[in-house]
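This report concerns only the one structure given below.
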Amino acid sequence: MGRIATENKMQLGQLLLGHGVVTHEQIEKALAEQKEKGHHKLLGELLVEMNYCTENQIAFALAEAYDVPYAQISPKICDAKVLDILPREFLEEHIVLPLFKVRDELTVAVSEPTNVFLIDEIERISGCKVQIVCATAKDIKATLGTYLPAANVFVIDDIIDEEGLEDFSLIDKYKADISDLEEIAGQSPVVKLVNYLLYNAVIENASDIHIEPDDKKLRIRYRVDGRLYEKMRPPYQMHPAIVSRIKIMAELDIAQRRLPQDGGIHVLMENRPIDLRVSVMPGNFGEKVVIRIIDPQKILFNLESLGFTYENLQLFRKVIQAPNGIVLVTGPTGSGKNTTLYAGLAELNSEDVNICTVEDPVECNMAGINQFQVSEGAGFQFSTALRSLLRQDPDIIMIGEIRDKPTANIAVQAALTGHLVLSTLHTNDAPGAVTRLLDLDVAPYLVSASLIAVLAQRLVRKICPACKTEYEPASSIRKAVKNLCGGIDKFYRGVGCKKCRNIGCAGRIAVHELFVPDDEIKEMINDRTSLKKLRTKALENGMVPLQLDGLEKVKAGIVSIEEVLRTTQTTDNESSEQ
């Protein structure tokens with residue numbers, strides 16, 4: 001057995017050498033590593049681990065050597081109906097994936113085309129003639145794990161057995177017995193499933209997990225880059241146990257099912273802390289759970305990484321260095337306002353200033369900054385916290401959100417008494433913050449005296465770099481772009497690949513609109529000038545609107561034109577009409 005293994009190793013090595021993928025020295029180092037540490041990893045696995053080559057290079061070399069097709073596997077080229085031809089355990093153990101069946105011939109993706117015994121076994125089990133294609137084990141596993149509901153069953157069945165499902169029905173039978181709820185929610189299948197959901201959501205860079213019961217169905221969705229997509233559909237019977245497990249982790253009342261509840265979970269993943277904010281709300285078919293994932297590793301603490309143009313970055317840095325006044329960041333929920341504030345605080349943070357924040361909740365702990373979380377239930381509201389905070393000798397104050405009249409007025413007073421105040425508002429555009437403050441009963445002369453800048457922003461999805469392709473947009477889009485900025489030579493978009501789950505986008509970046517009132521605009525604020533006239537004057541003074549800032553990123557090939565128009569067009573139209 002050892003002799004055969006050695007021959008296979010050398011054969012793979014010769015193949016990779018022939019393709020110029022690795023060198024003799026690299027192969028010798030991998031073999032020495034294998035012999036020295038005594039593990040049973042194949043030569044190919046070691047070469048990949050040591051960064052001498054990639055799985056795709058190995059698969060391509062094997063395919064060519066054994067005269068079989070090489071394929072990059074994705075869910076798009078797999079027929080879900082043929083997955084049941086081979087047992088689930090067989091697929092996972094041997095890392096094979098049935099792709100499609102034509103008459104009596106089954107095409108199967110394998111990672112080891114040299115294993116003739118495996119091919120014979122597939123023919124025996126399936127009763128079909130087998131045609132193989134060579135693919136990487138990573139691609140096969142990813143497709144098995146993400147391919148529509150059929151592949152999701154594989155994940156679920158790893159966690160749950162049929163005997164466990166019978167126990168879940170006990171929750172409905174003994175609703176009043178809290179001990180039963182705790183016992184069932186703590187059983188291993190439920191614990192594994194919830195842990196899997198949380199772990200996998202962090203791995204996939206999800207910002208939220210939605211657990212949604214329907215009539216005899218249970219759907220779990222992740223929000224990634226601002227868009228929801230379905231992850232799996234566990235058995236409906238599991239819903240009460242899943243919710244109870246999450247409530248136990250968040251220290252909520254598992255017996256209360258008629259009122260909304262909020263809580264938090266603190267977990268460690270790869271030795272780093274991750275905060276989970278849990279919201280449970282009763283619905284028609286049971287409790288819906290939304291879990292917000294706050295991963296400090298994903299929060300950008302430097303302004304350069306937030307998508308600012310050079311001009312906006314220099315101007316924003318200048319305004320946050322002011323000794324006093326209010327700087328606001330505006331936009332809808334989920335537009336990255338707090339991330340921008342945190343990045344600004346990180347730049348201002350030093351030993352000679354006292355920075356204090358009042359948040360609901362504290363999203364990320366920052367060293368050297370005093371952070372306070374409001375508690376509505378205890379009467380510790382934003383306005384109450386701010387009054388006390390002003391006696392704490394702060395230099396810079398960050399308010400999570402100005403949401404009511406008392407908070408707005410105290411923030412303005414703090415700005416006028418020598419403090420720099422940073423906060424957020426919900427407005428369509430940057431000049432709209434003036435109208436919003438006036439609506440909160442802040443006197444016009446106080447707004448003009450305290451407001452030094454407003455930054456409006458939106459998040460747009462970036463083009464996936466792995467499938468980025470130049471293309472020709474519709475003539476109507478070219479015409480619209482020409483009217484806005486004179487035209488763009490080249491347009492790019494993502495066509496979809498396995499790395500971006502076939503949506504063509506990966507990650508997000510902000511587009512900005514920075515409004516800095518000058519003396520003339522401040523006079524207009526005092527006179528309660530309309531928002532439309534304020535915006536017109538700001539544009540005359542050089543303010544770059546959200547849409548044009550986005551078009552700069554289109555020119556740079558970072559985002560698609562459709563994404564910018566979708567995100568900003570409505571905003572600019574509404575602003576111009578007001």
Side-chain angles (χ1 to χ4, degrees), residues 201 205-212 221-229 260-264 275-281 283 288-296 298-300 306-307 327-345 357-364 373-374 376 381-382 398-404 407-408 411 422-433 435-437 439-440 454-462 505 507-515 546-547 549-550 559 563-564 566-575:
N205 295 319
S207 61
D208 302 87
I209 305 171
H210 290 243
I211 301 171
E212 305 166 317
R221 295 191 290 173
Y222 288 173
R223 186 180 293 278
V224 180
D225 294 337
R227 293 295 184 91
L228 283 167
Y229 79 95
Q261 297 187 69
D262 296 305
D275 291 332
L276 309 171
R277 295 194 330 219
V278 178
S279 173
V280 183
M281 180 172 287
K288 181 182 187 296
V289 180
V290 176
I291 302 173
R292 169 65 59 88
I293 301 169
I294 301 172
D295 185 354
K298 302 296 190 307
I299 298 178
L300 305 174
L306 299 183
V327 177
L328 296 174
V329 181
T330 74
T333 300
S335 58
K337 299 186 295 294
N338 282 338
T339 299
T340 300
L341 288 182
Y342 279 133
L345 291 182
T357 75
V358 181
E359 305 172 65
D360 183 24
V362 174
E363 290 197 2
C364 183
Q373 180 166 326
V374 301
E376 298 285 345
Q381 301 172 340
F382 274 110
M398 187 194 102
I399 306 169
E401 180 185 350
I402 295 178
R403 59 176 65 163
D404 53 36
T407 304
L422 309 178
S423 189
T424 69
L425 275 178
H426 291 283
T427 64
N428 286 330
D429 62 357
T435 304
R436 177 63 179 147
L437 289 174
D439 289 342
L440 291 172
V454 183
L455 177 74
Q457 65 180 54
R458 298 289 188 277
L459 291 179
V460 294
R461 297 182 298 168
K462 295 191 293 185
C505 301
R508 290 189 290 177
I509 193 171
V511 293
H512 301 101
E513 177 178 279
L514 184 54
F515 170 59
L546 286 166
Q547 202 166 71
D549 189 73
V559 299
E563 180 71 7
V564 169
R566 179 188 67 82
T567 309
T568 63
Q569 196 164 33
T570 302
T571 300
D572 283 358
N573 288 345
E574 288 176 353
S575 299

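From a predicted model like this one, the values you see are computed outputs, not experimental measurements. No hydrogens, no waters, no symmetry mates; every other heavy atom, side chains included, goes into these values.
Atom-to-atom distance recorded for Arg508:CZ and Arg227:CZ is 10.0 Å, nearest 0.5 angstrom. Within the model, atoms CG of Leu328 and CG of Leu437 stand 6.0 Å from one another, a figure rounded to the nearest 0.5 Å. Distance CD1/Ile293 to CG/Asp275: 11.5 Å, rounded to 0.5 Å. Taken from CD in Glu401 to NZ in Lys337, the straight-line distance is 7.0 Å, to the nearest 0.5 Å. To the nearest 0.5 Å, the span separating CD on Gln457 from OG1 on Thr424 amounts to 10.0 Å. With rounding to the nearest 0.5 angstrom, the CG atom of Leu422 is 11.5 Å from the CG atom of Leu455.
Listed for the His426 side chain is a donor-acceptor partner under 3.5 Å among the backbone atoms of Gly331. Thr567 places a side-chain N or O within donor-acceptor distance of the main-chain N or O of Glu563, the cut-off being under 3.5 Å.
Contact annotation: the side chain of Asp262 never approaches that of Arg277 to less than 4.5 Å [non-hydrogen atoms, C-beta and beyond]. Put simply, the side chain of Leu440 does not reach to within 4.5 Å of the side chain of Asp404, judged on heavy atoms. Considering only heavy atoms from C-beta on, Arg458 stays 4.5 Å or farther from Glu513 through its side chain.
Heavy atoms only, all atoms of each residue included: Leu345 and Thr357 are closest at CD1-CG2, 3.8 Å. Taking both residues in full, the closest heavy atoms of Arg292 and Ser207 are given as CD-O, 3.3 Å, listed atom of the first, atom of the second, then distance. Scanning both residues, Leu306 and Ala343, for their nearest heavy atoms gives CD1-CB, 3.7 Å. Nearest heavy atoms, Phe382 versus Gly400: CE2-N, 3.8 Å. Gln381 and Val374 make their closest contact through C-CG1, 4.0 Å (heavy atoms, listed as atom of the first residue, atom of the second, distance). In plain terms, the two heavy atoms of Val559 and Arg461 that are nearest each other are CG1-O, 3.5 Å.
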### Derivation of the side chain to side chain contact (heavy atoms under 4.5 Å, CB included) call for Met398 and Glu359
CA-CA 8 Å; Met398 187 194 102; Glu359 305 172 65; 3.6 Å; yes
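Each of Leu228, Ile209, Asn205, Asp208 was compared with Tyr222 under the side chain to side chain contact (heavy atoms under 4.5 Å, CB included) criterion, and only Ile209 meets it.
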